[in-house]
Amino acid sequence: MGLSLKGEHLKRYRDIAALFMKYGRSDLVNTAVLEGAVAPEPMAPVAEGDLAEHLAADLEEMGPTFVKVGQLLSTRADLLPLPYMEALARLQDKVGPFPFLDVEAIVSAELGVRLSKAFAEFEPDPVAAASLGQVHRATLRSGRRVAVKVQRPHIREQILNDLDALGEIAAFAEAHTEVGRRFGFVAMLEEFRKTLLRELDYRMEARNLETLAANLRGYDRIVVPLPVEDYSTSRVLTIDYIRGEKITRLSPLVRTEIDGAELAEQLFRAYLQQILVDGFVHADPHPGNVFLTDDDRVALLDLGMVARISPGMQEKVLRLLLAVSEGRAEDAATVAITMGEVQPLFDETGFRRDVADLVAQNMGATVGQMQIGRVVLMLARMCGERGIRVPTELTMLGKTLLNLDQVGRTLDPDFDPNAAIRRHAADLTRERVRKSLAPGNLFAGVMELKEFLENLPRRVNRILDNLAGNTLEVKVDAIDEKMLLEGFIKVANRITMGLILASLIVGAALLMRVETSFRLLGYPGLAIVCFLFAAAGGLSLVFNILWSDHKHRQRAARGGGE
């Protein structure tokens, strides 16, 4: 796929090329022949943490698409060092509001009724503005206080254009660079596209709010606003209005008046349940999305980004968290290996050594220094460095827990997440077992058992018949016999060719002693002809070997990148 010459794409090419050059990926720019389009000013040497903050600021300036891409990149421990992941995990939108006339036009068009008919009150000034939309306070005709999130005009078209430009660059980089093939830029961008388009559909966020509220209904100190279905569309989301303040903006006086320890404990317990029991996680609990309500409860907002975890992954995550919290480095390393996809160059000895160092540091840290989210992200990073392709769920959980650590420490500076994991492990295990014994799961298990028992006699009879007739076969697909045979044929052909060439050379040397009237270059003609045939055959054989090895290395590189 080539690079487009569309005007809006050319500007994005320049911006992205400048970003690569500025942050040390000039090889991608040079390979993509973009270096002539950009000449960034050299940066003075800075620390890695400061450089990560610069990257976050640059992405904010490039617009909403790149803010979201930065937030999604913060879940890729195999791509970025930890300081960059932490900086991008804190990435938030810094944009001004759009005019109220646009708000009125969008809401009226989406709801199919004038604003004054749908709402008793609708405040023209937004209470919050972000890259995808902004939020207004309003009151329904019934008197219900609500918050109305309205999507920015033309934001979907802008994001799709940016994604198209990124897609062209990703395809070009994957086709022409080693790093592009190794990390699979095209597939990665396709995942980004799906996530962003889901976040642009407010109906999906409404369903997420309902699901999370149902899952956490047993927590009296946590509240999730419910959507108003008749007032919500793909571009307008109406939910209960919750009065409160962002956790990070609480004054010292307010913090002394609330039971921060109880709030932090219940919030962490709720997230452990989401991760290890429900498999449905509010994946973006940064301080801007967590409020302290007027009645001293914790409100979870903005469910545009969620993570879904399979039961098998939940089991592994629970074992991993327990192993880390209890200081069992060997068990933590073993679980981490089973969670990912082991690559051919996996360094197991180095990985286990790294995990042991990480767990030892965590056990030696004070309560104020412990950050379970940071530990999970570092563990995922070690997997990538030592040859394990980690699942996105693991790094997504690391980012979630990293943000949760910050919120928990704000509520209770002495909160110990490791101790909380150990306290709640038994309860969480019981809940997992109880959930697996739900009527629906039991019925599915009974149906599978019924099918197994019905088919068992027929299968046993077939095996016994084959055994009696001496026709029972056991197929073991250990190696590719066809590829092995082709390799042997190539080796045999090369050996045969070598023997023929050697015979020609020996024959030519013997013919040099035979006097004849047919001469070339002053030597016996037959001898020279044999030498020429041997030389031509030798050059052809060498070229064939080099070309075949080159194609083999290319195929191996593509296979490793995939």
Side-chain angles (χ1 to χ4, degrees), residues 63-69 71-72 92-93 95-119 122-124 126-142 144-164 166-167 189-214 224-242 280-284 288-289 300-308:
T65 306
F66 293 90
V67 168
K68 295 302 176 184
V69 168
Q71 291 173 346
L72 293 169
Q92 298 183 36
D93 307 314
V95 294
F98 57 93
F100 181 68
L101 287 177
D102 291 334
V103 173
E104 189 173 17
I106 292 171
V107 174
S108 298
E110 290 293 313
L111 300 185
V113 64
R114 285 189 330 198
L115 202 66
S116 57
K117 294 291 185 181
F119 299 93
F122 196 101
E123 296 185 8
V127 295
S131 57
L132 300 186
Q134 62 190 35
V135 180
H136 293 258
R137 279 192 293 254
T139 305
L140 300 181
R141 289 289 179 181
S142 63
R144 182 179 178 181
R145 294 284 290 167
V146 294
V148 183
K149 186 197 293 191
V150 185
Q151 198 169 102
R152 286 184 175 273
H154 313 299
I155 188 65
R156 185 182 180 89
E157 293 81 0
Q158 179 186 344
I159 285 179
L160 287 175
N161 281 332
D162 287 341
L163 287 174
D164 287 342
L166 283 169
L189 188 70
E190 186 59 30
E191 286 298 316
F192 287 172
R193 179 189 293 271
K194 291 178 183 177
T195 302
L196 274 176
L197 293 182
R198 282 196 294 265
E199 198 166 348
L200 284 169
D201 188 351
Y202 287 169
R203 292 170 299 187
M204 189 166 291
E205 183 173 350
R207 291 195 293 271
N208 292 340
L209 286 166
E210 291 174 342
T211 301
L212 187 65
V224 179
L226 290 173
V228 184
E229 184 176 353
D230 294 337
Y231 286 75
S232 298
T233 69
S234 62
R235 299 178 65 200
V236 174
L237 175 63
T238 304
I239 62 174
D240 291 325
Y241 177 70
I242 295 179
F280 180 88
V281 187
H282 177 214
D284 197 21
N289 290 338
L300 301 179
L301 310 176
D302 192 357
L303 261 78
M305 186 183 297
V306 297
R308 289 177 171 82

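Numbers here simply count residues along the sequence, with the first being 1.
Minimum heavy-atom separation, P227 to A206: CG-O, 3.5 Å. Between L200 and Q151, the shortest heavy-atom contact is O-NE2, 2.7 Å. In terms of heavy atoms, Y202 sits closest to G133 at OH-CA, 4.0 Å. Here the closest non-hydrogen pair linking H136 and E123 is ND1-O, 2.9 Å. The minimum heavy-atom distance between V135 and A147, with the atom names listed, is CG1-CB, 3.8 Å. Shown here for Q134 and A129, the closest heavy-atom pair between the two residues is CB-CA, 3.9 Å.
Put simply, the side chain of L166 does not reach to within 4.5 Å of the side chain of F192, judged on heavy atoms. With a 4.5 Å cut-off on side-chain heavy atoms, L226 and V224 do not count as touching. Two residues are said to be in side-chain contact when any heavy atoms from C-beta on lie closer than 4.5 Å; L237 and R203 fail this criterion. At least one side-chain heavy atom of P225 sits under 4.5 Å from a side-chain heavy atom of L301. At a threshold of 4.5 Å between non-hydrogen side-chain atoms, the residues L196 and L163 count as touching. Contact of the V146 side chain with the Y231 side chain is not registered, since no non-hydrogen atoms from C-beta on lie closer than 4.5 Å. M204 places none of its side-chain heavy atoms less than 4.5 Å from the side chain of L303. For the pair I159/L132, a side-chain contact is recorded, criterion being any heavy-atom separation below 4.5 Å from C-beta on.
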Stepwise salt bridge (Lys or Arg N to Asp or Glu O under 4.0 Å) check, R193 with D162: CA-CA 10 Å; R193 179 189 293 271; D162 287 341; over 6 Å; no
Evaluate the criterion side-chain contact (heavy atoms from CB on, under 4.5 Å) for residue pair V148 and V236; output intermediate values, then yes/no. CA-CA 7 Å; V148 183; V236 174; 3.8 Å; yes
Evaluation steps, side-chain contact (heavy atoms from CB on, under 4.5 Å), between D240 and R144: CA-CA 8 Å; D240 291 325; R144 182 179 178 181; 2.6 Å; yes
After noting the C-alpha distance and the side-chain angles of N208 and E210, does the key distance pass the side-chain contact (heavy atoms from CB on, under 4.5 Å) rule? CA-CA 5 Å; N208 292 340; E210 291 174 342; over 6 Å; no
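With H282 contributing its side chain and D302 its backbone, the two residues share a donor-acceptor pair below 3.5 Å. Judged by distance alone, with hydrogens and angles left aside, the side-chain atoms of S232 form a donor-acceptor pair with the main-chain N or O of T238 at under 3.5 Å.
Between K149 and E205 there is a salt bridge, since a side-chain N of the basic residue sits under 4.0 Å from a carboxylate O of the acidic one. Ion pairing between D102 and R152 fails under the 4.0 Å rule for side-chain N and carboxylate O.
In this structure, CG on L111 lies 11.5 Å from CD1 on I106, to the nearest 0.5 angstrom. Put simply, CZ on F98 and NE2 on H154 are 10.5 Å apart, with the number rounded to the nearest 0.5 Å. Interatomic distance, OG1 of T195 versus CD of E190, reported as 10.0 Å (0.5 Å rounding). Taking OH from Y241 and OG1 from T139, the interatomic distance works out to 10.5 Å, rounded to the nearest 0.5 Å. L212 contributes atom CG, which lies 15.0 Å from atom CZ of R207 (distance to the nearest 0.5 angstrom). With rounding to the nearest 0.5 Å, the separation of CG in L115 from CZ in F122 is 5.0 Å.
By the 6.0 Å contact criterion, CZ on R114 is open, its count of non-hydrogen atoms from other residues, nucleotides or ligands being 12 or less.
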